[in-house]
Amino acid sequence: MLRSHTCGELRKAHVGTEVVLSGWVQRSRDKGGLLWVDLRDRYGITQLTFDESKTDASVMDTARKLGREFVVQAKGLVVERYSKNDKIQTGEIELEVTELEILNAAKTPPFIIEDNTDGGEDLRMKYRYLDLRRNEVRSKLALRSKLAIAVRNYLADLEFIEVETPVLIKSTPEGARDFVVPSRINQGQFYALPQSPQTFKQLLMVSGFDRYFQIVKCFRDEDLRADRQPEFTQIDCEMSFVNRDDVLGVFEGMTRHLFKTIKGVELDKFPHMTYADAMEKYGSDKPDVRFGMEFVNLNEQTQQKGFNVFDQAELVVGICAKGCAEYTRKQLDALTDFVRRPQIGAKGMVYMKCNTDGTFKSSVDKFYSQEDLKGWAEKANAEAGDLLLVLSGGQNSVRKQMNELRLHMGEALGLRNPDDFSPLWVVDFPLLEWDEETERYHAMHHPFTSPLVEDIEKLDTTPGNVRANAYDMVINGVEIGGGSIRIHDKEMQKLMFKHLGFTDEEAKAQFGFLMDAFEYGAPPHGGIAFGFDRLCAMFGGSETIRDYIAFPKNTSGRDVMIDSPSPVDENQLKELGIGLS
Ligand code: ASP
């Protein structure tokens, strides 16, 4: 080893020992006769000292040549520091260097590699390998590793087997666009990268694996947002001979275990909420239930009183902001501006203040008497001092808008504490979703999801009302995982494909292998997949998954460090039989 200790290891107890350290020069200070160098490695920082009156002249010379990020080896004596530094773990000691070797010189880095860096996001991404030297960045990846290991241990203890599934496959229908890879040997044909290992894990159940998991890369060619990456990681799982509650039990157990062992947080039993309730009370299938502020349907209280906007609305819905009756005109205008932003798209917002003197004040006083407004307050359980915010319109759009306003208010009132965790299961999702553009139904989860048995008969009459045996794990308004009990019967699967608008031939061409497998004894099975990057971000208390990925892509899907995607050689294209027009 080129060192006897790491840079984070030495303490007062080591005083008087001869040691060898290796690492990077974080910074050096030259005070004439005295020189200090902060030597850094993954484990910490140790101060090296050089003193003209004691240190060998050649060592002194070498020390004066050191620049930021030089890689050096230093031998010396551990001594107690005169002025201690309680900010670092080695702050009680320093190393009086007797031998110094430059193992590798370094160019001046493009940004300062310290906790407080002067490097902007783009620059740090271009030099990601330098950014990864910073504690903050590296510690996020260390957390990721810890989580992955804990997951593996937990599932292995429960007899889950980790199986790798192929990356060059055929399209998997998870609702996104596939990344495709041309085949040289089979010109004109393409592989697709898996959007998830869905069909393979189901085949493993047919193979009798009983309990499968895999921490696996998935690929989806979607428009990117801050929390999306074209390649991301799932904890993908599948179990045989289970019903929904068996699957939920195992993975609630796993999540609780992770929170307890990694964050020291004890979680209660996860409540269940139906999709229908989630939409009605929170306007979202991933409600943030750290706080109440549930939606209140005000149709009965507000319609037929001459206010046209409400009369024409399918839904008039309110939320009660506790203790906000004192909001100023300016604050209320800001809320109206918020809901009117094009991303949210409300036309306007109505408010009603429950004054402390027992009177009510609304922005639509012209149409409503004090008695009417009292009715609103009663329906919303609003008390003196509270503020009611009301939106109206088509049910689907107004719920979405109110969801945004509720989250915004929750944030403004400090009700979304990142250290509180409120998990829940959202269950009974619709099986099918109508797509306006293609004018046909799509599987809301994926086409292998089983309908609830009691709803099967509705498939022919009111397919939009059929519920799926599908579930999502939601924590603090974030979808952490989702899965379903699967169809394991060929006829049922055929019926499902038919409802999704596949002809028999199309279904056979795309999923013939799965339907064939179902004819050789497929056990009842179900599973779930967790967004691992997102789980890491949640554990780390951050919003962006990018921070938890060693070499992420930017919002245009580019890796700016390796400069990819990039053109390929014309010969490469020729070999693939591809011409660019
Ligand atoms: N394959 C699904 C997904 O990626 C998860 C599952 O149903 O297990 O969302």
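Leu66 and Val37 make their closest contact through CD1-CG2, 4.1 Å (heavy atoms, listed as atom of the first residue, atom of the second, distance). Shown here for Ala74 and Leu48, the closest heavy-atom pair between the two residues is CB-CD1, 4.0 Å. The nearest pair of heavy atoms linking Leu500 to Ala443 is CD2-N, 3.3 Å. When all heavy atoms of Pro423 and Phe270 are compared, the closest pair comes out as CG-CE1, 3.5 Å. Summarising the geometry of Thr544 relative to Ala537, their closest heavy-atom pair is O-CB, 4.0 Å, with the distance given to 0.1 Å. Closest heavy-atom contact between Arg440 and Gly501: NH1-O, 4.5 Å.
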Checklist entry - Is there a side-chain hydrogen bond (donor to acceptor under 3.5 Å, both in side chains) between Asp563 and Ser566 once you walk through the steps? => result CA-CA 7 Å; Asp563 191 23; Ser566 55; 5.7 Å; no

Item to check | Working for side-chain contact (heavy atoms from CB on, under 4.5 Å), residues Leu147 and Phe532 | outcome: CA-CA 9 Å; Leu147 267 164; Phe532 185 55; 3.9 Å; yes

Next on the checklist: Assess the residue pair Leu193 and Leu168 against the criterion (side-chain contact (heavy atoms from CB on, under 4.5 Å)); give the C-alpha distance rounded to whole Å, side-chain angles, the decisive distance to 0.1 Å, and a yes or no.
Outcome noted: CA-CA 5 Å; Leu193 302 182; Leu168 295 175; 4.2 Å; yes

Checklist entry - Can you list the steps and then say if Arg534 with Glu479 is a salt bridge (charged side-chain N to carboxylate O under 4.0 Å, His left out)? => result CA-CA 9 Å; Arg534 217 165 268 177; Glu479 182 196 325; 5.5 Å; no

Item to check | Full working for side-chain contact (heavy atoms from CB on, under 4.5 Å) between Val247 and Tyr471 | outcome: CA-CA 10 Å; Val247 180; Tyr471 32 79; 3.5 Å; yes

Next on the checklist: Is there a side-chain contact (heavy atoms from CB on, under 4.5 Å) between Val19 and Glu9? Walk through the geometry before answering.
Outcome noted: CA-CA 11 Å; Val19 301; Glu9 204 177 340; over 6 Å; no

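Without hydrogens or angle criteria, Asp472 side chain to Val474 main chain gives no donor-acceptor distance under 3.5 Å. Judged by distance alone, the side chain of Thr449 and the main-chain N or O of Arg486 form no donor-acceptor pair under 3.5 Å. The main-chain N or O of Leu158 is found under 3.5 Å from a side-chain atom of Arg211 such that the two form a donor-acceptor pair. A donor-acceptor pair is defined here as one N or O able to donate and one able to accept, closer than 3.5 Å; no such pair exists between the side chain of Asp285 and the backbone of Tyr275. A donor-acceptor contact shorter than 3.5 Å is absent between the side chain of Arg546 and the backbone of Asn554. No donor-acceptor pair closer than 3.5 Å links the side chain of Ser564 to the backbone N or O of Asp559. Although no hydrogens or angles enter the test, the distance criterion places a donor-acceptor pair under 3.5 Å between the side chain of Gln214 and the main chain of Thr165. In this structure, Arg144 contributes its side chain and Cys536 its backbone to no donor-acceptor pair below 3.5 Å. At least one donor-acceptor pair closer than 3.5 Å links the side chain of Thr255 to the backbone N or O of Phe251. Checking side-chain atoms of Arg68 against main-chain N and O of Ile112 turns up no donor-acceptor pair under 3.5 Å.
Taking the side chain as every heavy atom from C-beta outward, Ile161 and Leu204 never approach each other to under 4.5 Å. No side-chain heavy atom of Phe429 sits less than 4.5 Å from a side-chain heavy atom of His445. In this structure the side chain of Val167 never reaches within 4.5 angstrom of the side chain of Lys217, judged on heavy atoms. Annotation: side chain of Phe111 is in contact with side chain of Asp131 (closest heavy-atom distance under 4.5 Å). Between Arg128 and Val137 the shortest side-chain heavy-atom distance falls below 4.5 Å. The side-chain heavy atoms of Met561 and Tyr129, taken from C-beta on, include a pair separated by under 4.5 Å. Residues Asn476 and Arg416 have side chains not in contact (no heavy-atom distance under 4.5 Å, counting atoms from C-beta outward). Using a 4.5 Å cut-off on side-chain heavy atoms (C-beta onward), Arg220 and Ser196 make contact.
Ring planes of Phe511 and Phe513: tilted class, angle from 30 to 60°. Note on ring orientation: taking the six-membered ring where Trp is involved, the planes of Phe448 and Phe497 are perpendicular (angle over 60°, cut-offs 30° and 60°).
Other residues, nucleotides and ligands contribute only 12 or fewer heavy atoms inside 6.0 Å of the NZ atom of Lys75. Heavy-atom neighbours of Phe502 CZ from other residues, nucleotides or ligands within 6.0 Å: above the threshold of 12. More than 12 heavy atoms of other residues, nucleotides or ligands lie within 6.0 Å of CD in Gln73, so this atom counts as buried by the packing criterion. For Gln343, the CD atom counts as densely surrounded, since its 6.0 Å shell holds more than 12 non-hydrogen atoms of other residues, nucleotides or ligands. Other residues, nucleotides and ligands contribute more than 12 heavy atoms inside 6.0 Å of the NZ atom of Lys140. No more than 12 heavy atoms of other residues, nucleotides or ligands lie within 6.0 Å of CZ in Arg184, so this atom counts as exposed by the packing criterion. Dense packing is recorded around CZ of Arg138, with more than 12 heavy atoms of other residues, nucleotides or ligands lying under 6.0 Å away. For Arg64, the CZ atom counts as densely surrounded, since its 6.0 Å shell holds more than 12 non-hydrogen atoms of other residues, nucleotides or ligands.
In summary, Lys574 and Glu570 do not engage in a salt bridge, as defined by a charged side-chain N under 4.0 Å from a carboxylate O. Remark: Glu252 engages Arg256 in a salt bridge, criterion side-chain N to carboxylate O under 4.0 Å.
Here Asp178 contributes atom CG and Gln195 contributes atom CD; the two are 4.5 Å apart, rounded to the nearest 0.5 Å. Of the inter-residue distances, the one linking Leu431 atom CG with Met444 atom CE reads 10.0 Å to the nearest 0.5 angstrom. Atom CG of residue Asp569 and atom CD of residue Glu575 lie 9.0 Å apart, to the nearest 0.5 angstrom. The distance from the CD atom of Gln198 to the CD1 atom of Ile169 is 10.5 Å, given to the nearest 0.5 Å. Here the straight-line distance linking atom NZ of Lys146 with atom CD1 of Ile149 works out to 10.0 Å at 0.5 Å rounding. Between Glu99 atom CD and Thr62 atom OG1 the span is 11.0 Å, to the nearest 0.5 Å.
With no hydrogens or angles considered, no side-chain donor-acceptor pair links Asp288 and Tyr282 at under 3.5 Å.
Residues that satisfy the ring pair (Phe, Tyr, Trp, His ring centres under 6.0 Å) test with Phe539, not counting sequence neighbours, are Phe259.
In summary, of the residues considered (Arg40, Arg134, Arg27), a salt bridge (Lys or Arg N to Asp or Glu O under 4.0 Å) with Glu69 occurs for Arg40 alone.
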